[in-house]
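One structure below.
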Amino acid sequence: MDHTCEERPAGDRSDEGDSDSTEVTARIRDTPEDIVLEAPASGLAFHPSRDLLAAGDVDGDVFVFSYSCQEGETKELWSSGHHLKSCRAVVFSEDGQKLVTVSKDKAIHVLDVEQGQLERRISKAHGAPINSLLLVDENVLATGDDTGGVRLWDQRKEGPLMDMRQHEEYIADMALDPVKKLLLTASGDGCLGVFNIKRRRFELLSEPQSGDLTSVTIMKVQLVREEGSLWLQ
């Protein structure tokens with residue numbers, strides 16, 4: 001049925017009673033319909049330019065969905081079961097053409113976003129389950145594992161560019177400074193780590209906090225002087 005609305009003369013009512021000609025307007029929701037997975041999601045990512053959502057679950061499956069506020073338009077585009085254990089992180093490339101995933105099975109996968117085809121697999125990327133993932137640019141990515149290991153990879157080369165182990169517990173999250181020189185890590189040992197990925201060396205480790213550090217992000221702050229005092233704002 002044609003869902004478009006056509007204008008007609010006000011006096012023309014000859015087909016008002018014809019149910020076949022009734023125009024149906026798709027329902028627009030305030031939010032997209034819920035997406036329900038069979039297993040709990042352990043990694044989520046939004047596409048940089050399209051209404052696509054990627055999800056990895058604890059069974060190792062990876063899904064890509066298109067979502068919309070139009071009724072019935074949220075749907076699964078493809079799924080991949082290449083990981084043998086829990087998929088812990090999924091990240092779209094900057095151009096949106098690739099999806100990178102890491103898993104408890106210690107592997108890194110690179111998939112084509114359009115078809116879901118596996119383009120590259122690094123089977124034993126770490127000696128321990130991989131817990132976190134960060135893309136540096138279109139070729140370079142960083143990974144962190146359950147035992148505090150941090151590795152830097154160039155997809156054009158074999159083997160890691162950098163292999164550091166300064167933390168004593170799992171790498172929960174990572175962030176990159178704006179010039180893509182310093183990699184910041186948050187760990188279950190309660191410490192914040194700083195790695196210079198340009199020179200591929202460890203810089204420093206913070207004093208341990210009272211609990212796990214599970215997230216890290218970079219914020220812009222402003223230094224304000226007021227009545228002889230300095231404040232961060």
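Between the CG atom of L141 and the OG atom of S93 there is a distance of 11.0 Å, given to the nearest 0.5 Å. Atom OH in Y67 sits 15.5 Å away from atom NZ in K75 (nearest 0.5 Å). Atom NE2 of H83 is separated from atom CD1 of I130 by 8.0 Å, given to the nearest 0.5 angstrom.
Screening residues 134-143 for side chain to side chain donor-acceptor pair (under 3.5 Å), with sequence neighbours left out, gives H126-T143, T143-W153. Note on residues 178-203: pairs passing ring-ring contact (aromatic ring centres under 6.0 Å, His included), not counting sequence neighbours, are F195-F202. Among pairs with a residue in residues 40-49, none fulfils salt bridge (Lys or Arg N to Asp or Glu O under 4.0 Å), at least two apart in sequence or across chains. Residues in residues 85-101 take part in these salt bridge (Lys or Arg N to Asp or Glu O under 4.0 Å) pairs, two or more places apart or across chains: R88-D146, K98-E119.
Counting heavy atoms from C-beta on, the side chains of Y170 and T214 come closer than 4.5 Å. Looking at heavy atoms from C-beta onward, V194 lies in side-chain contact with L184 at the 4.5 angstrom threshold. Residues I197 and V136 have side chains in contact (heavy-atom distance under 4.5 Å, counting atoms from C-beta outward). Between D61 and S79 the shortest side-chain heavy-atom distance does not fall below 4.5 Å. V90 has its side chain out of reach of V100: every pair of non-hydrogen atoms, C-beta onward, lies at least 4.5 Å apart.
In this structure, the ring-ring contact (aromatic ring centres under 6.0 Å, His included) partners of H47, at least two apart in sequence or on a different chain, are F92. Partners of H167 according to the ring-ring contact (aromatic ring centres under 6.0 Å, His included) rule, which considers only residues two or more places apart in sequence or in another chain, do not exist here. Under the side-chain hydrogen bond (donor to acceptor under 3.5 Å, both in side chains) criterion, D59 pairs with no residue, sequence neighbours left out. Applying the side-chain hydrogen bond (donor to acceptor under 3.5 Å, both in side chains) test to R200 and every residue at least two apart in sequence or in another chain returns nothing. With sequence neighbours left out, R120 forms a side-chain hydrogen bond (donor to acceptor under 3.5 Å, both in side chains) with no residue at all. Qualifying side-chain contact (heavy atoms from CB on, under 4.5 Å) partners for Q209, counting only residues two or more places apart in sequence or in other chains: L213. Take E203 and apply the side-chain hydrogen bond (donor to acceptor under 3.5 Å, both in side chains) test, not counting sequence neighbours, and it matches N196, R201.
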Inset, instruction - Check the pair H109, H82 against side chain to side chain contact (heavy atoms under 4.5 Å, CB included), reporting the backbone distance first and the verdict last. - result: CA-CA 8 Å; H109 288 179; H82 292 292; 3.4 Å; yes
Legend entry - Intermediate values then yes/no, side-chain hydrogen bond (donor to acceptor under 3.5 Å, both in side chains), S187 and D189: CA-CA 5 Å; S187 172; D189 62 11; 3.1 Å; yes
Inset, instruction - List the steps and the verdict of salt bridge (Lys or Arg N to Asp or Glu O under 4.0 Å) for R165 and D145. - result: CA-CA 10 Å; R165 189 173 304 278; D145 67 32; 3.7 Å; yes
Inset, instruction - Might you work through the side chain to side chain contact (heavy atoms under 4.5 Å, CB included) test for L183 and M174, ending with a clear yes or no? - result: CA-CA 7 Å; L183 176 71; M174 296 183 289; 4.1 Å; yes
Donor-acceptor pairs are to be reported for all side-chain atoms of residues 33-42 against protein atoms at under 3.5 Å, with residues two or more places apart or in another chain.
residue: E33; atom: OE1; partner: G72; partner atom: N; Å: 2.9
residue: S42; atom: OG; partner: G56; partner atom: O; Å: 3.4
residue: S42; atom: OG; partner: C87; partner atom: O; Å: 2.3

